[in-house]
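Just so we're on the same page: letters track the sequence lines, and every chain starts at 1. What you see below is based on every heavy atom in this structure, not just the backbone, and it leaves out hydrogens, waters and symmetry mates.
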There are 2 protein chains.
Amino acid sequence: MIYNDKQLQIIGTAERLFANKGFDGTSVRDIADEAGVNIAMISYYFGSKEKLMEALFSKRSSDINLQVETLLHNEEIAPLQKMESLVDSYIDKVMQKQQFFKIMICEQVINKNPVIISLIHDLKKKNTEAINKLIKDGQQKGAFKKNIDVLLLINTLIGSITQMMLTSDYYKEYNGLQDIPEDQFFEQVKEKMSKHVKFLFKALLTYEV
Amino acid sequence: MIYNDKQLQIIGTAERLFANKGFDGTSVRDIADEAGVNIAMISYYFGSKEKLMEALFSKRSSDINLQVETLLHNEEIAPLQKMESLVDSYIDKVMQKQQFFKIMICEQVINKNPVIISLIHDLKKKNTEAINKLIKDGQQKGAFKKNIDVLLLINTLIGSITQMMLTSDYYKEYNGLQDIPEDQFFEQVKEKMSKHVKFLFKALLTYEV
DNA sequence: GTTTTTAAATTAAACGTTTGTTTAATTTTG
DNA sequence: CAAAATTAAACAAACGTTTAATTTAAAAAC
């Protein structure tokens, strides 16, 4: 689906408002006002508020697929390093697209809209397959242990990062970082999470129980 | 605060509906109908829909504090075992009170109601302190390594379990468990998560980088 | 122990807003 | 000039909350 500028603006505004106020907490008037369009344009372009959400979800889903193919066939990089590279790119994506991930979390909690549940399903499947390829590759080369539960691995990756996203205010206060600039804090969190998750992955992929 | 039976019934109904439809997706009429009370009783007892949410949150918060004192002073249990015991009790709590945890997640995403943010803050603080005591104890006894980031540890604990809660449908399908009874699946997930998180904790607490 | 009094609980109805969506008319564009 | 885009206005429905009247329950008075 290709959208014109006005449609993309509506989608962008909806994304911000849905992330900050929730789907039901956002009115189509909110979206129309902040996007600078007439309220009727939302039905005109998308059909309904719900279909706008589905359009936004569909659009953003396609942006955050983990790409693993070029990594996979690069024989100069060790399996564990490949996985660490994937971890970093995932952390980047979550931090860059925080709003979309917030929406995704709430939609998973509510678990009502079948179109969106299906899109999340597809996303999970693709990510699982991508990581599975890296795992198989690493196992063949003897770098990774056997019997790795890929879903638990992904759960820990996504869960740890998501949880940090949701509680970054608390993390900031706990570490006395209230006064540093936001983008600096941002980078610091990314760096911390990167080392942390890589450590976890090393354990999950290589240490025998 | 002490509530009578009718108030507790309203709180219980609100918890279920807020968890399944979100705060803004639930109307006071929904709550009143399903709780079998007149719609005016909600304002009468709680003041407003928002204050009902705060009352429910306050009530449930007090139920899920991690207790660590008796564990801490039991010198017959090794530090790592104490931590594993805490992990199990946390997994139990999340699985038992899934509805409340779902509400908590959404409230963290929206991040608007200061009363609730403050309650989540308190909860996090108490949990952090409890786990910190176990960590200090383990470090003194030489069982745990130095330089443990307790917030990252907790993030991984909460995040992994939460993520499993949100994606258990996918986990079920992926592992071909659609046909087993719900409570059996429940126990299986708990067992899997328990082993998984304990493995992660052992790595985070004892393996040097 | 019965009656009276007072407070609490419960109700149906109404309140003014806000909701998502549609209409029909108008303007803009190619 | 036809198609697409945009508008203000209107729509019924649903929203959270309040009202004022009534019923129930508990306490006080006799």
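Remark: P of D:dA21 and CG of B:N38 are 17 Å apart, rounded to the nearest angstrom. The nearest whole Å value for the distance from the OH atom in B:Y3 to the C1' atom in C:dA9 is 18 Å. B:D33 places its CG atom 12 Å from the P atom of D:dA14, with the value rounded to the nearest Å. Atom CE in A:M41 sits about 15 Å away from atom P in C:dT21, given to the nearest Å. For the pair B:K49 NZ and D:dG16 P, the interatomic distance rounds to 4 Å; values are reported in whole Å. One interatomic measurement links the two molecules: CG of B:N4 to P of C:dA7, which rounds to 20 Å at whole-angstrom precision. Put simply, CD on A:Q9 is 15 Å from P on D:dA5, counting in whole angstrom units. A:I42 has its CD1 atom 12 Å from the P atom of C:dT19, to the nearest Å.
Judged by closest nucleotide on DNA chain D, A:Y45 is the one of A:I39 and A:Y45 placed further toward the 5' end.
Screening A:V87, A:V94, A:L86 for a side chain to side chain contact (heavy atoms under 4.5 Å, CB included) involving A:Y90 leaves a single residue, A:V94.
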Ignoring hydrogens and angles, write down the donor-acceptor pairs under 3.5 Å from the side chains of residues 95-112 of chain B, residues two or more places apart or on other chains.
unit_1	atom_1	unit_2	atom_2	d
B:K112	NZ	A:N20	O	3.2

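Closest to the side chain of A:A40, out of C:dA12, D:dG16, D:dA8, is D:dA8. Nearest nucleotide to the side chain of B:K6, out of C:dT10, C:dT19, D:dT17: C:dT10. Distances from the side chain of B:Y44 to the nucleotides D:dT6, D:dC15, C:dA9 place C:dA9 closest.
Note on B:S43: a base of the nucleic acid sits closer than 4.0 angstrom, heavy atoms only.
A salt bridge is absent between A:K59 and A:E15: the closest approach of a Lys/Arg side-chain nitrogen to an acidic carboxylate oxygen does not fall below 4.0 angstrom.
In the displayed structure, B:K202 atom NZ is contacted under 6.0 Å by at most 12 heavy atoms of other residues, nucleotides or ligands.
A close approach under 4.0 Å does occur between a side-chain nitrogen or oxygen of B:S27 and OP1 or OP2 of D:dC15.
No cation-pi contact links B:K6 to B:Y45, judged by a cut-off of 6.0 Å to the six-membered ring centre and 45° from its axis.
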